[in-house]
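I have placed the structure first, in the form of structure tokens, so that the comments after it can refer back to it.
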Amino acid sequence: MKAGIVGLPNVGKSTLFNCLSNAKAQSANFPFCTIEPNIGVVNVPDPRLEKLEELVNPEKVIPATVEIVDIAGLVKGASKGEGLGNQFLGNIRETDAILHVLRCFDNENIVHVDGSVDPIRDKETIDMELQLKDLETVEKKLDKVKRAAKTGNKEAQKEEAVLLAIKNGLEAGNSVRAISISKDDRAEYVKPLQFITDKPVMYVCNVDEGAAVSGNEYVEKVKAAVADENAEVVVLAVGTEADITELETYEERQMFLEDLGLEEPGSAKLIRGAYRLLNLDTYFTAGEKEVRAWTIPVGATAPQAAGVIHTDFEKGFIRAEVIAYDDYTKLGSEAKVKEAGKMRVEGKEYIVKDGDVMHFRFNV
């Protein structure tokens, strides 16, 4: 699962990507790794993992990760191939969620591609280019479906109605995610087309250091503009975050954060937000050899969660031994949890809860 960083040129995308790539404030022992020049695997900061490490004292600790993609800056006309348009749109189509960076700071030394700072205009520029590309996608599909619908094919007629609703919505300036379509129709007709504007989005307001804690007027305008989208807005002083990551020790970084009035780096909030945006949950395994966070889709069953460790675990699943995170940390050890009768045995139908500490029994 990948989240793509998008935005106009010079809004701070690459600085943010580099900042996330060096996000060592939480877990200095876990290196960032680059798969390709513009794709990074970033650790998900999770205080629960640190607490389990404290209780279990394992040989190693492995956090959950999320892939972040730094996508080339988009310009007006990208949907028609302007600039790096085609490459940009191809890259973004391959991601599962969008981190939309908006410039919310004034700085005469950093040129804005449109000559002035206006995050709402910038947002609309990106939205329009993505919507135009999706319009192209829906029109191509409609041409094929209409021919089948004319023959009286009921299924094609149903699909045509859904596609027309999308076409009309896009032409009215709406993103696919905001168009009213039933859950079943969305799964059957919309998801296979991989519309770019159907991907969940988080807005990242890049501010200067003085606005890192409480934002500024630009941020308030963004919040008002996206209120109907039910999208998360994260305020981040990207340049300052980059400075924090350059500091050598955890203590130095904490002192810098305290001076700013921040409890943790904004990048940590952003990474956790991206994880939520991708609709992911975490469960843990905890033993002397390792304490590890495992990533699963929200709503995964116990066998599916076991399959993340190894496909044999899913195929031969017998049962899961489950401890709620709160019970584990309150009682202090697996042995004490068992004594208190708080370990549960769950079968194939069990839906894993975020934070469960699990052991799997399987037979291959």
Side-chain angles (χ1 to χ4, degrees), residues 3 5-27 42-47 50 66 68 97-114 116-127 200-247 249-277:
I5 301 175
V6 307
L8 293 176
N10 291 348
V11 296
K13 295 185 314 303
S14 292
T15 306
L16 174 60
F17 178 78
N18 293 334
C19 172
L20 295 176
S21 74
N22 292 310
K24 53 194 175 185
Q26 291 290 318
S27 43
V42 182
N43 297 307
V44 179
D46 194 331
E50 293 165 25
V66 62
I68 304 289
I98 296 170
L99 307 176
H100 188 159
V101 182
L102 295 167
R103 177 171 168 175
C104 293
F105 65 90
D106 294 305
N107 185 332
E108 290 176 6
N109 296 320
I110 301 175
V111 177
H112 190 289
V113 71
D114 286 328
S116 62
V117 177
D118 184 343
I120 308 307
R121 179 199 59 213
D122 296 354
K123 173 190 176 301
E124 288 169 354
T125 296
I126 298 264
D127 284 350
V201 64
M202 175 194 293
Y203 295 98
V204 182
C205 292
N206 183 12
V207 299
D208 55 26
E209 187 175 305
V213 176
S214 50
N216 56 26
E217 285 181 26
Y218 293 130
V219 173
E220 293 310 310
K221 286 178 181 176
V222 171
K223 286 180 177 176
V226 306
D228 294 342
E229 294 185 36
N230 198 27
E232 189 172 346
V233 176
V234 174
V235 178
L236 207 64
V238 175
T240 305
E241 294 276 334
D243 292 340
I244 292 171
T245 63
E246 293 300 316
L247 297 171
T249 68
Y250 175 81
E251 288 72 23
E252 284 178 309
R253 293 191 289 274
Q254 287 305 111
M255 283 174 63
F256 197 139
L257 287 168
E258 283 170 22
D259 287 344
L260 292 174
L262 296 170
E263 290 180 9
E264 65 174 351
S267 56
K269 290 180 186 172
L270 176 64
I271 295 164
R272 286 198 297 271
Y275 198 74
R276 287 193 303 273
L277 199 64

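Summarising the geometry of Gly12 relative to Asn206, their closest heavy-atom pair is CA-ND2, 3.8 Å, with the distance given to 0.1 Å. Considering every non-hydrogen atom in both Cys19 and Ala242, the closest pair reads SG-N, 4.0 Å. Annotation for Leu247 and Glu252: closest pair CD1-O, 3.7 Å, computed over non-hydrogen atoms. Here the closest non-hydrogen pair linking Val222 and Pro119 is CG2-CB, 3.8 Å. Taking all atoms of both residues into account, the shortest heavy-atom contact from Val207 to Val219 is CG1-CG2, 3.6 Å. Contact between Val201 and Ala231 at its shortest, heavy atoms only, is O-CB, 3.6 Å.
Of the possible polar contacts, none joining the Glu229 side chain to the Val226 backbone as a donor-acceptor pair under 3.5 Å is found. When atom types are taken as modelled, the side chain of Arg121 and the backbone of Ser116 share a donor-acceptor pair closer than 3.5 angstrom. A distance-only check finds a donor-acceptor pair linking the side chain of Asn216 to the backbone of Cys104 [under 3.5 Å].
For the atom pair OG1 of Thr15 and CG of Leu20, the computed distance is 11.0 Å after rounding to the nearest 0.5 Å. Here the CD1-CZ distance, from Ile244 to Arg253, works out to 9.5 Å after rounding to the nearest 0.5 Å. With values rounded to the nearest 0.5 angstrom, Glu246 atom CD is found 12.5 Å from Glu241 atom CD. Rounding to the nearest 0.5 Å gives a distance of 8.0 Å between CG of Asp118 and CD of Glu124.
In terms of the ring-ring contact (aromatic ring centres under 6.0 Å, His included) criterion, residue partners of Tyr203 (sequence neighbours excluded) are, by chain and number, His100. For Lys221, there are no salt bridge (charged side-chain N to carboxylate O under 4.0 Å, His left out) partners, not counting sequence neighbours.
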- Message: Under the criterion side chain to side chain contact (heavy atoms under 4.5 Å, CB included), I'd like the reasoning laid out for Asp208 against Asn107: C-alpha separation, chi angles, the key distance, then a yes or no.
- Response: CA-CA 9 Å; Asp208 55 26; Asn107 185 332; over 6 Å; no
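When side chains are defined from C-beta on, Leu99 does not count as touching Leu16, because their heavy atoms never get closer than 4.5 Å. With a 4.5 Å cut-off on side-chain heavy atoms, Leu270 and Met202 count as touching. The shortest side-chain heavy-atom distance between Leu102 and Tyr218 does not fall under the 4.5 Å cut-off. Val66 places a side-chain heavy atom less than 4.5 Å from the side chain of Ile271. Looking only at side-chain heavy atoms (C-beta outward), Val117 and Phe105 stay at 4.5 Å or farther from each other. At a threshold of 4.5 Å between non-hydrogen side-chain atoms, the residues Arg103 and Leu8 do not count as touching.
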Distance-only check: which donor-acceptor pairs under 3.5 Å involve side-chain atoms of residues 255-263, not counting sequence neighbours?
none

